[in-house]
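Take a look at the structure set out below.
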Amino acid sequence: MTAWHDREMTMELKLSAREYLSRGDGYEEKMEYLMAAGYDAIELTGRPDILEMVDEIAEAMRNTGCAVSTICSGGRGALMAAERDQRELAVEDLRNFLTAAGQLGATGVIYAPLIAVKMNPDQYTRLPDLSPWKGQEELEMDLLVELATELAEHAESQGVCVLWEPLNRYEQWWFNRLENGAELCDRVGRDGCRIMADFFHMSIEEDTIAGALERYAADYVRHIHLADSNRFTPGHGHTDFAAAFRALDGIGWEGYMALECRTRGEAAEDIARTARLLRSQA
Ligand code: LER
Ligand code: MN
């Protein structure tokens with residue numbers, strides 16, 4: 001029997017890139033730029049104004065053949081803040097981004113649950129430690145399950161999912177590894193609740209990227225962010241992309257992978273080189 005690492009790879013890479021890596025006035029030019037560099041899709045930045053631009057984005061997709069893989073949420077408020085009005089704002093924006101994602105045929109909307117509160121301590125308050133009833137993380141997880149269940153229901157009605165993103169320990173107190181995301185999905189128990197895997201955060205938090213993907217990707221991971229270990233474009237650090245892609249190929253993974261990193265040298269050349277390198281590893 002052939003071991004998975006000895007097989008020919010059959011995975012077709014569906015490459016996307018964050019909107020900030022593209023250039024151009026308007027979505028048609030941004031999409032043309034990415035397509036010319038070797039990408040199939042764009043990952044939109046979730047600013048409230050994109051909700052007014054859904055028709056323009058859909059027309060740009062038709063005219064260029066470029067897909068929208070995902071919306072990376074940057075909405076208002078903070079989902080896990082102690083301030084109720086800030087949680088409600090975050091829920092409202094997430095629901096609207098999920099509706100837009102459905103209209104654009106995207107996989108879903110990305111949200112890192114704790115980043116806003118951790119990174120903006122002057123703006124938001126973290127939930128309290130209510131020990132011995134519930135510790136801080138336990139309370140946060142219970143609230144997250146509640147909100148993720150409500151959001152998954154709306155996501156499913158739009159044919160998309162919420163893609164919860166584990167981040168490294170310096171950006172999020174917990175929810176750092178794919179196993180945290182898998183636990184959330186199991187507790188929510190709905191198809192609209194899934195996770196995404198960011199290779200930069202994984203290079204800090206997981207034992208190996210390939211091992212974590214082998215274990216969790218088939219059931220839970222629906223999207224990927226690509227960056228090398230130093231968060232530059234692939235090829236500039238020590239991440240083993242070929243091993244990670246073999247793990248994904250072994251489970252027949254089919255989602256989009258979006259480049260989310262910094263470039264080196266001339267940006268247009270670097271992102272085109274990156275697409276060629278990634279395709280040669282798959
Ligand atoms: C933040 O480090 C990150 O990886 C983004 O995808 C957050 O949404
Ligand atoms: Mn990311």
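Just so you know, ligand 1 is whichever comes first in the structure, and atom 1 is the first atom listed for that ligand.
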Taking just the N, O or S atoms of His225, which one is nearest to the Mn ion (ligand 2)? ND1

Quiz item: cation-pi between Arg126 and Trp173, 6.0 Å / 45°: yes

Of all the N, O or S atoms in Glu260, the one nearest to the Mn ion (ligand 2) is OE1

Check this for me, if you would: do Arg190 and Glu156 make a salt bridge, where the nitrogen-to-carboxylate-oxygen distance has to be below 4.0 angstrom? yes

Does Lys14 pair with Glu254 as a salt bridge, N-O distance under 4.0 Å? no

Would you check ligand 1 and list the protein residues that come within less than 4.0 Å of it by any heavy atom, ordered by chain and number? Cys72, Glu165, Leu167, Glu171, Asp198, His201, His225, Arg231, Glu260

Shortest-distance N/O/S atom, Asp198 versus the Mn ion (ligand 2): OD2

Any carboxylate oxygen within less than 4.0 angstrom of a Lys/Arg side-chain nitrogen, looking at Arg76 and Asp93? yes

Using a distance-only test with no angle check, is there a side-chain donor-acceptor pair under 3.5 angstrom linking Glu32 and Thr64? no

Assess the side chains of Glu28 and Asn63: does a donor N or O sit below 3.5 Å from an acceptor N or O? yes

For Tyr27, all residues meeting ring-ring contact (aromatic ring centres under 6.0 Å, His included), sequence neighbours excluded: none

Using a strict cut-off of less than 4.0 Å between a Lys/Arg side-chain nitrogen and an Asp/Glu carboxylate oxygen, indicate whether Arg215 and Glu206 qualify as a salt bridge. no

Do you know which N/O/S atom name in Glu165 is closest to the Mn ion (ligand 2)? OE2

